[in-house]
Protein chains: 2
Amino acid sequence: MPIATRVDRVFDALGDPTRRAVFRRLRKGNRSVREIAEGMNVSRPAVSQHLKVLKGAGLIAVRIDGARHLYGVDPSAIEVLRNWLDGFWDGTLTAFKAAAEEEQKKMER
Amino acid sequence: MPIATRVDRVFDALGDPTRRAVFRRLRKGNRSVREIAEGMNVSRPAVSQHLKVLKGAGLIAVRIDGARHLYGVDPSAIEVLRNWLDGFWDGTLTAFKAAAEEEQKKMER
DNA sequence: TACTATGGTAAGTATAAACTTACCGGAAGG
DNA sequence: CCTTCCGGTAAGTTTATACTTACCATAGTA
């Protein structure tokens, strides 16, 4: 069993709807835990636990301001996703090209 | 509770490690269900169920060849993810800009 | 020193979902 | 036909995890 890479943790974190909602709220700027939990249909501790997972995936970062913990998105996460996307896309394209060439060989026979 | 969008289904689908493994296998070209299941530590029906979810998310597509069902990645899914990424990035940037301007106003007071 | 905020964590529950075995129907070859 | 591949689906179990309440620590304030 291979260890979980950064991208794995990102996808695991974003795999939960509530966690995506939390992440989306942070898109508009830094928020405290209570501000995030406000208007959401889960309790504050639940939000706190989700924040922990998101932070573990490197999707968000914290800045401590007294007793308030201000959470915000970590732009590097977007970079990670984009790189994964590019790599995947390249792999798929080369596979398509290889398959096309294989078809071509069949035609020549 | 809003209905699940395409991106939601994509993230839900890619939220599972086994499903990511299946999707990664398809990157190298089209495969039958048995080929996908081969060498994996889950049973063939499990793979079949995962394929259903991936298909529901629009990540893969099927081409039926007799009794064999050949699965392959749906390139449009990559597009969906990329668009989501771009949109998210834009939103975050404007939020950053707004926050910066707010800071500026504070300084001017 | 209280008193009131903040938020993280532990323990337990409850729900979701991943997995297995067993079964079924369709396609190809004898 | 009969046999043998193929793969989807149902039923049930088991495991993971999202959630709640309760509790604790820290920071600011009267």
Side-chain angles (χ1 to χ4, degrees), chain A residues 1-5 8-26 29-74, chain B residues 1-5 8-26 29-74:
Chain A
M1 203 76 93
I3 59 166
T5 68
D8 281 304
R9 287 199 300 274
V10 167
F11 275 117
D12 282 335
L14 261 39
D16 180 73
T18 308
R19 226 137 45 205
R20 282 197 298 275
V22 168
F23 191 51
R24 253 186 281 113
R25 289 200 168 206
L26 264 40
N30 294 341
R31 298 274 187 276
S32 73
V33 179
R34 297 192 116 83
E35 284 171 346
I36 299 167
E38 186 145 352
M40 237 156 70
N41 50 3
V42 293
S43 67
R44 180 196 54 80
V47 171
S48 205
Q49 288 157 9
H50 283 308
L51 288 170
K52 188 178 185 179
V53 176
L54 289 168
K55 188 164 173 289
L59 283 161
I60 60 177
V62 210
R63 180 168 60 84
I64 292 179
D65 175 40
R68 289 161 54 89
H69 293 202
L70 294 175
Y71 285 89
V73 316
D74 186 341
Chain B
M1 204 75 94
I3 59 166
T5 68
D8 281 305
R9 287 199 301 273
V10 166
F11 276 117
D12 281 335
L14 292 177
D16 180 73
T18 309
R19 224 136 47 204
R20 281 197 299 274
V22 169
F23 191 52
R24 253 186 281 113
R25 290 201 168 204
L26 263 41
N30 294 341
R31 300 272 186 279
S32 73
V33 179
R34 296 193 116 82
E35 285 170 345
I36 299 167
E38 186 145 353
M40 238 156 69
N41 50 3
V42 292
S43 67
R44 180 196 55 79
V47 171
S48 206
Q49 288 157 10
H50 283 308
L51 288 169
K52 189 179 185 178
V53 176
L54 288 167
K55 188 163 173 291
L59 282 161
I60 61 176
V62 210
R63 180 168 59 87
I64 293 179
D65 175 41
R68 289 161 53 89
H69 293 201
L70 295 175
Y71 285 89
V73 316
D74 186 339

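Note that the structure is a prediction, hence the values are computed from the model and not measured. Reminder, nothing fancy here: chain letters follow the sequence lines and each chain counts from 1.
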Exercise. Test B:V33 against B:R44 for side-chain contact (heavy atoms from CB on, under 4.5 Å), laying out the working first.
Key: CA-CA 7 Å; B:V33 179; B:R44 180 196 55 79; 3.8 Å; yes
Exercise. Report the C-alpha separation of B:L54 and B:V22 in whole Å, then their side-chain angles, then the decisive distance to 0.1 Å, and conclude whether the side-chain contact (heavy atoms from CB on, under 4.5 Å) test is met.
Key: CA-CA 9 Å; B:L54 288 167; B:V22 169; 3.7 Å; yes
Practice problem: Would you check, one step at a time, whether the test side-chain contact (heavy atoms from CB on, under 4.5 Å) holds for B:L51 with B:I36? | Solution: CA-CA 10 Å; B:L51 288 169; B:I36 299 167; 4.1 Å; yes
Practice problem: I would like to know whether A:L70 and A:V62 meet side-chain contact (heavy atoms from CB on, under 4.5 Å); could you show each step before the answer? | Solution: CA-CA 6 Å; A:L70 294 175; A:V62 210; 6.0 Å; no
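In the interface, the side chain of A:R68 is not paired with the base of D:dG28 through any donor and acceptor atom under 3.5 Å apart.
Between A:R20 and B:D12, the closest side-chain pair of non-hydrogen atoms falls below 4.5 Å. Looking at A:V73 and A:L26, their side chains come closer than 4.5 Å, going by heavy atoms from C-beta outward.
Taking a 4.0 Å limit (strictly below) on heavy-atom distances, residues 57-67 of chain B reaches DNA chain D at B:A67. Within residues 48-55 of chain B, the residues approached by DNA chain C to less than 4.0 Å at the level of any non-hydrogen atom are B:Q49, B:H50, in residue-number order.
Rounding to whole angstrom units, CG of residue A:D12 and P of C:dA17 are separated by 14 Å. Atom CZ of B:R31 and atom P of D:dC6 are 16 Å apart (whole Å). Distance, A:R44 CZ to C:dT9 P: 11 Å, rounded to whole Å. The distance between atom CG of A:L70 and atom P of C:dG8, rounded to the nearest whole Å, is 11 Å. Across the protein-nucleic acid pair, B:H69 atom NE2 and D:dC5 atom C1' stand 12 Å apart, rounded to whole Å.
Sorted by first and then second residue, the side chain to side chain donor-acceptor pair (under 3.5 Å) pairs with a member in residues 45-73 of chain A read A:R19-A:H50; sequence neighbours excluded.
The side chain of B:R34 has D:dC6 as its nearest neighbour among D:dC6, D:dT21, C:dC19. Among the nucleotides C:dC19, D:dG7, D:dT21, the one closest to any side-chain atom of B:S32 is D:dG7. The A:P45 side chain lies nearest to D:dT21 when the options are D:dT21, C:dG7, D:dG8. Candidate nucleotides C:dC19, D:dG7, D:dT21 were compared by shortest atom distance to the side chain of B:T18, and C:dC19 ranks first.
Using a 4.0 Å cut-off, some side-chain N or O of A:Y71 falls inside it from OP1 or OP2 of C:dG8.
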Below 3.5 Å is the cut-off: list the nitrogen or oxygen pairs between protein and nucleotides 14-17 of chain D, distance only.
none

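With sequence neighbours left out, A:R9 forms a side chain to side chain contact (heavy atoms under 4.5 Å, CB included) with A:A4, A:R6, A:A57. In this structure B:V42 satisfies the side chain to side chain contact (heavy atoms under 4.5 Å, CB included) test together with B:T18, B:M40, B:A46, B:V47, sequence neighbours excluded.
The heavy-atom pair separating B:A13 from B:L59 by the smallest distance is CB-CD1, 3.9 Å.
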